[in-house]
Structures are given as structure tokens and as C-alpha cells.
Asks: 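Take this structure first; my questions come after.
Keep in mind that the numbers below use all heavy atoms, side chains included, and drop hydrogens, waters and symmetry copies. Residue numbers start from 1 in every chain, and the chains themselves are labelled A, B, ... in the order their sequence lines are given, proteins ahead of strands.
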Number of protein chains: 2
Amino acid sequence: MKSHPITIKDIARVLGISPSTVSRALKDHPDISPKTKQLVQTFAEKVNYRPNALALSLRSSKTNTIGIVIPEIVHHFFSTVISGIEDVAYGKGFNAIICQTNENYQREVIDLQALIDNRVDGILVSMSKNTHDFAHFQNVQENGVPMVFFDRICEAISTDRVIADDFEGARIATKHLISKGCKKIMHLSAPQHLLIGKNRKEGFCSAMKEHQLECKEQFIVKCDTRESVFAKEDEILNLAGSIDGIFAVNDSTAIAVMQVLQRNGYNVPKDIAVVGFGDGPIADIAYPPLSTVEQKGYIIGQAAMNLLIGHIEETAIDGEFETKIFTPELVERTSSQLGKTI
Amino acid sequence: MKSHPITIKDIARVLGISPSTVSRALKDHPDISPKTKQLVQTFAEKVNYRPNALALSLRSSKTNTIGIVIPEIVHHFFSTVISGIEDVAYGKGFNAIICQTNENYQREVIDLQALIDNRVDGILVSMSKNTHDFAHFQNVQENGVPMVFFDRICEAISTDRVIADDFEGARIATKHLISKGCKKIMHLSAPQHLLIGKNRKEGFCSAMKEHQLECKEQFIVKCDTRESVFAKEDEILNLAGSIDGIFAVNDSTAIAVMQVLQRNGYNVPKDIAVVGFGDGPIADIAYPPLSTVEQKGYIIGQAAMNLLIGHIEETAIDGEFETKIFTPELVERTSSQLGKTI
DNA sequence: CTTGTTATTGCAAACGTTTTCGGAAAATTG
DNA sequence: CAATTTTCCGAAAACGTTTGCAATAACAAG
């Protein structure tokens, strides 16, 4: 069984014809007589011949494989994106090599080089948080490998991009709170050197100002994980008495803050309404169910892959790049119904 | 820039020597004079030469790539496993091609064939729910490709396997409830044609009987998703008055049932204690935080990859197969503290 | 100045395909 | 029957490597 797979040469030898004839017979080349075709094809069928993809790739310099580089697979948003990528890739006959950087710059560099070495037809990247040098991205381009960024894009590199509109998403979330009657809204924000942190905060402020509400620095707390909520519990509780709404930069932060509030006698959403960002599966499970804006990971993945295919198949114009922006949609649940007892 | 990558031949031509010399110089072969080595190496460095992995693989029939076939990436357990696989693969210089079957048998067949065609060095599989024919797995073995199953194993095929001990996990969960004082425990179970459904139910019954408690069929409700809990809400509520504990086959079912109970005036864990299975991130977020048994996805992934490497590098004995079983551990939180008010 | 060693290098085959080009046999035409 | 066209097939190169073997050069010993 460990015997080597059947090759075209094997078939040729057994049938007493040349490899070229076998090759042609297998792909219905008109030069080959019906008789020989029949002979070759049935024999190939019988021995379960399968072409060696490596040899094909080497000859055609086309691997039908794309590379995906992401910070973390174990993250609902990213795995959703991968799912979208995979599904359109599959439809077009592409395989996907997935590389996980774990937010490690060095690994990002190595992974990209490995993909180039393996001659992938294109690469989809979501940048690590710790990447501040972009030579490795340039290297991809210099090697002529099509690349598109999604979500965590690199502004210094000109490529196709697919992103969620964080600014607008935050505006939508904030305006939703305002429409529910909130006037004094707190924002739990991500670090400002990250694009999502910056954009979501600015979206928040924009919505507030549009409604002549104050966007006080004091009501903006740097806090973007479950743990950091608990760490800043005192600070948050100090402010809790003077607010009626919270917009959190992501769902797990939103849920954590609801739990802190509840443990300290506040009622969500009666006293304080809460909205998150991201719409992972946890929003539905939270108590009360969390209103949030939905980040469309699946279609972001699809869109990114489609853009990439455009460049691989050269239907897209070389050197012209597109940016696709997906605006999140509000998913209204219970947590934002200010005044309502649950 | 789109110019083809530098090859050994290019270097040879420019330097006026033969490709073989270049090849040897690059890998410090003793036959090559220091002078030539120096010349070649610095030149290769300068032009940023990178060997073509395809050509290498073709020649050596070793791709340093493994294939992963899983039902769904967007699932905390599976993405955790992948993460474990990836990390040890990376350490050993392997790339991973990931194929998602979406629980589709046809796609599983195609994916496996594609991996064989691409001459991956080994394959890790978690079977789709809808796979009842196993010829494609046999095909992998007949092609001499090492394969190990994880989690959703195929009993009909003899290979290495890595699984979580569902039976024992369920016993642990159930015994925990009993130790908290529960005597009338309901089990929300998965379909019995699935191994996890069967094993977890049997583990549940085993623990009950060990403590001289009844394992009534009537207290076993077929219900293994959030949606199915809501669909069977009436049936569950009918029984709710006569039970003091629930062991659910997975976390989201456990959380859903807590919500149903709470909405109907029951107090968890005061009136009814609840334990789940799986320990995804949602357990922590539930209200009250869910006690559950932890399925160690990350180390399952690591173990599977290590077994595979054993066969790839032939340190493992051919034809002898190992089954690694990981026993889940109890993670005790609030939901199981019978009698306690929160 | 042979002969034998040793140090370097190149040739060619191989991995499994595809494809250009040309050639032999067969079929057609006049 | 000769000339021409068609039909069918094979040789060989190419994709980018590695490697066994042969070849050359240099150099020392006799």
C-alpha cells in the first residue's frame, strides 16, 4: 500500500505508449484517436489515477492555493471570516492554508515568507496588533503575489481592503441609545492607537454631538476586556450613578459591565441601557440579551476572497485597488430598553 | 516586479557556474571550495534567493504540509483544537491546510482527495455528522498518508485517535450535582446515534446508579441546542417542579435552560442546580456563571498533531495505533450551588 | 615524468506533468 | 500510382531542485 501513487509514466509503460499520449488522452485532446483515449481512460479509471498536484503546480506556477494570515483563530469574528473565505474559495477550487500569528510580529513575517515560498496564488491578511514595520507586506507585493487585507488593514500598503465601518457602527449604536432616551452615556473604549479603538470612539462622539449631548472625557473609560472591567470596577461604579447608558467597544466588555452593575444593585436596562459591538454568539446568551451592532464576518470573508480572486484571475485591473466597507447593523435586544424592567 | 522569482539556475548563469555547484554551495556541502561558497552565498543573499518549495516537494515527495478536515471552524471547541494543532505544527515547520466540511459528506470526500492530490504529509480528521460511508478514509490509508482522528472519530477505521472522555466527563458533572445535594436530576441529551450523545448519557446514568439514584427515562429529554430548549419549553417546565438538578449535554443548552427556568420563576441554583459540558467562553458569561466540565481542545489538538508527527517521521511503529483519551475536568462556578441564592 | 591523491566542479538524471515540434503512417486526392 | 493531406503519436524540453558519478585540475610522492 505504501507503494508510490500511479503516475502517467506508469500508465504509459504498462500500455506501451508514451507519456505524452497518456497525458493528451486523459484530457480529451483531439489529436488522440478514440480508441487510444478509451484505452487510456478506462485504465486510468481502473487504477484510480490521480494527477500529482505538485507537478502540475510546478509546471504551471499555479497552485490553486491561497494563504490566510490572521491573529487568532479562536475568536468568533475571525473564524466567521475564515468560514466566508473558505466557502467561496471552495466554490472556485482553491485550498486555503491558514496561518495564525497569535499577534506575534515575527511569526507574521515568517508565515508570509512561507506562503510565498509555497507559491500560493494569493494571500489574505489581517494584521497583528504588534506589527509596526511593513517590509514583509511589501515583500509579498514585490514577489507579485496578490494580497488583500481585511479588518485589520495596513494603511501604509496600497492593496484591496475589506473593512467594517467602525465609525458608523459606533454612531449607530450610540444613536440607538439616544433614541431610547439616554442622555448621559458612558463609553468603554479600546486603546486609541488601534484603529478600532479610535474609530469607534469617534463614532460615539460624533453621534453624541449630533444630538447636542456632551461627550465628556470623564465618561470615556479605557476598558476593552472582561478582565479590565473588573479591574476598573470602582471607577465604573463611581460614575454609574450619573449615567443612563453605556456603549461598550465590544460585547464581552458590555456583558461584563452589565454583570458589575447588576451585582451592585443597578438594573439593566431599567436604570442603565447597554449596547455592545460585534454580535458574537454571546450577545444572545447574556442576561439580559445584549443589543449590539453586528459585524458581518461571513460576508467580509466572502468579499475579501472575491477581491483576491479578481486579482488572481486578473479580471481586476493591476495596480488599481478597491476598499470595501461594510456597515454594521443594529441588532436590538433587551439590554438597551431604557426604563424597562426585566 | 512581476518578474519570476530568482532560481538556482539564474544564480548559476550570472555567476558562470553550474546549478549543482550553486545548490551545494548554498547548503555548505564540503565538496565546494570556500571561495565559491562565499561567492554564491553572498550573491544569493543579495538577490534574496528563496528556494521553490514546490520543486523541493516534488523531488523529495515531502511537502511539510498537513491537512485538517473539520466540520466547522466557527465553533469554539474546533477552533481551539486547530489552535493547538497549529502551534505544534509551526514548531515543527509544518503548514496546515484547513478544510471545512460544513457537516457535508460529499465535501468531506472531495476535501480528503484534494489533500491527497496535494501530497500532504499527513491528515487530521474530525468526521462530519453525516458521514456513514468510510471508503474515503480507507482511500487515505491506501495512499499511504498518515491520518489521525480527533474528537469525532471513525470506529470503523483503525488509526490513531484522540478523544475526550465523554462518559467520564458526564459522570464527573453528574457526581458534582449529586455532591451538591441534587437527588432528582434531569438530563438534556444529544441524539443517541452520535457518540457524544450516547456516551454522555451513559456517563450520567452510571453516576446516578452509583449513588442509588434513579435514572428515569422521563427525566431524559432529547434536547441539545438553544433552539430545541425553547421548542421543548413546555415539556421542561412540566418536569421542573419535580427536579432539583439538570445536567445538559453542552453549555449553550445549559444556559438556555437556565434562562427558561428563570423566566418562569425558578431560581438557579437555589431551586435547581445546573451543570453544562464543554467550557466554552460562554460559560463564564452566563448568568449565573455556569459550572461545566472542560473539554481540553487545545491539548487535544496538540496531542493529535504529535501523534501525526510520529507517523510522518516514522518514529511511531507502522500499523500500531494509539488512542489518547483526555478526561474533562470540572470547572465549578455558581450555577451548581444548589440552595444558594444569587 | 609517471602515478596516485585530493580538491573542486559539471553532467545528467530524476521528481510528474504539459506542450511544441516534428515525423510516420494512413487516408485522401488527382 | 504519385502527391498531398490528415490523423495519430513520440521525443524532448521545461518547471526548480538535488545528487551520484565522472571529469578535470592541482599537487605530492616516487
Side-chain angles (χ1 to χ4, degrees), chain A residues 2-41 43-44 47-65 114 116-121 143-144, chain B residues 2-41 43-44 47-65 114 116-121 143-144:
Chain A
K2 202 85 185 218
S3 64
H4 81 126
I6 306 279
T7 74
I8 272 191
K9 288 187 185 176
D10 295 330
I11 299 182
R13 193 157 13 80
V14 173
L15 261 38
I17 56 183
S18 83
S20 5
T21 305
V22 176
S23 171
R24 281 188 270 247
L26 287 174
K27 41 182 36 96
D28 255 335
H29 193 287
D31 268 10
I32 304 299
S33 75
K35 209 175 349 147
T36 326
K37 268 184 199 169
Q38 185 60 27
L39 178 71
V40 172
Q41 287 172 359
F43 184 77
V47 298
N48 194 17
Y49 167 75
R50 296 244 94 218
N52 183 327
L54 287 172
L56 288 178
S57 297
L58 178 58
R59 178 149 223 284
S60 62
S61 42
K62 176 97 177 59
T63 52
N64 291 310
T65 300
I116 296 174
D117 290 351
N118 279 283
R119 300 294 188 271
V120 294
D121 295 336
N143 276 82
Chain B
K2 200 89 186 215
S3 63
H4 81 126
I6 308 277
T7 74
I8 273 193
K9 288 187 185 177
D10 295 331
I11 299 182
R13 192 157 14 81
V14 174
L15 260 38
I17 55 182
S18 83
S20 9
T21 306
V22 176
S23 171
R24 282 187 267 248
L26 287 173
K27 39 183 37 95
D28 255 335
H29 193 287
D31 270 8
I32 304 297
S33 75
K35 207 174 352 143
T36 328
K37 267 185 199 167
Q38 185 60 27
L39 178 70
V40 172
Q41 286 172 0
F43 184 77
V47 298
N48 195 16
Y49 166 76
R50 297 244 93 217
N52 183 327
L54 287 172
L56 286 178
S57 297
L58 177 59
R59 180 151 221 284
S60 62
S61 42
K62 175 95 178 60
T63 52
N64 291 311
T65 299
I116 296 174
D117 290 350
N118 279 284
R119 300 295 188 270
V120 293
D121 294 337
N143 276 82

Asks: Contact between B/N143 and A/R50 at the side-chain level, heavy atoms closer than 4.5 Å - yes or no?
Replies: no
Asks: Please give, in whole Å, the distance from C/dA7 P to B/I17 CD1?
Replies: 20 Å
Asks: Could you state the atom-to-atom distance from NZ of A/K37 to P of D/dC9 in whole Å?
Replies: 10 Å
Asks: For the atom pair CG (A/N52) and CG (B/D117), what is the distance rounded to the nearest 0.5 Å?
Replies: 8.5 Å
Asks: How far does the helix from C/dC1-D/dG30 to C/dG30-D/dC1 bend, going by the axes of its first and last five pairs, to the nearest 10°?
Replies: 70°
Asks: Within the 4.0 Å limit for protein heavy atoms, which parts of nucleotides 15-24 of chain C are touched? Write it as a string from 5' to 3', B for base, S for sugar-phosphate only, - for none.
Replies: BBBBBB----
Asks: Side chains of B/S20 and B/S23: donor-acceptor distance under 3.5 Å anywhere?
Replies: no
Asks: When rounded to the nearest 0.5 angstrom, what distance separates OG1 in B/T21 from CD1 in B/I8?
Replies: 10.5 Å
Asks: Could you check how far CG of B/L54 sits from C1' of D/dT18, rounded to whole Å?
Replies: 16 Å
Asks: Less than 4.5 Å apart, any side-chain heavy atom of A/V22 and any of A/L15?
Replies: no
Asks: So do A/R24 and A/T36 actually touch side chain to side chain, heavy atoms under 4.5 Å?
Replies: no
Asks: Please list, chain by chain and in numerical order, all residues satisfying salt bridge (Lys or Arg N to Asp or Glu O under 4.0 Å) with B/R13, sequence neighbours excluded.
Replies: B/D10
Asks: In Å, rounded to the nearest 0.5 Å, how long is the span from OG of B/S61 to CZ of B/R119?
Replies: 9.0 Å
Asks: Sequence neighbours excluded, which residues qualify as salt bridge (Lys or Arg N to Asp or Glu O under 4.0 Å) partners of B/D31?
Replies: none
Asks: With sugar-phosphate meaning primed atoms plus P, OP1 and OP2, does B/T36 contact a base, only sugar-phosphate, or nothing at under 4.0 Å between heavy atoms?
Replies: sugar-phosphate
Asks: What pairs of nitrogen or oxygen atoms, one from the protein and one from nucleotides 23-26 of chain D, lie under 3.5 Å apart?
Replies:
none

Asks: So, using side chain to side chain donor-acceptor pair (under 3.5 Å) as the criterion, who are the partners of A/T63 when residues are at least two apart?
Replies: A/D121
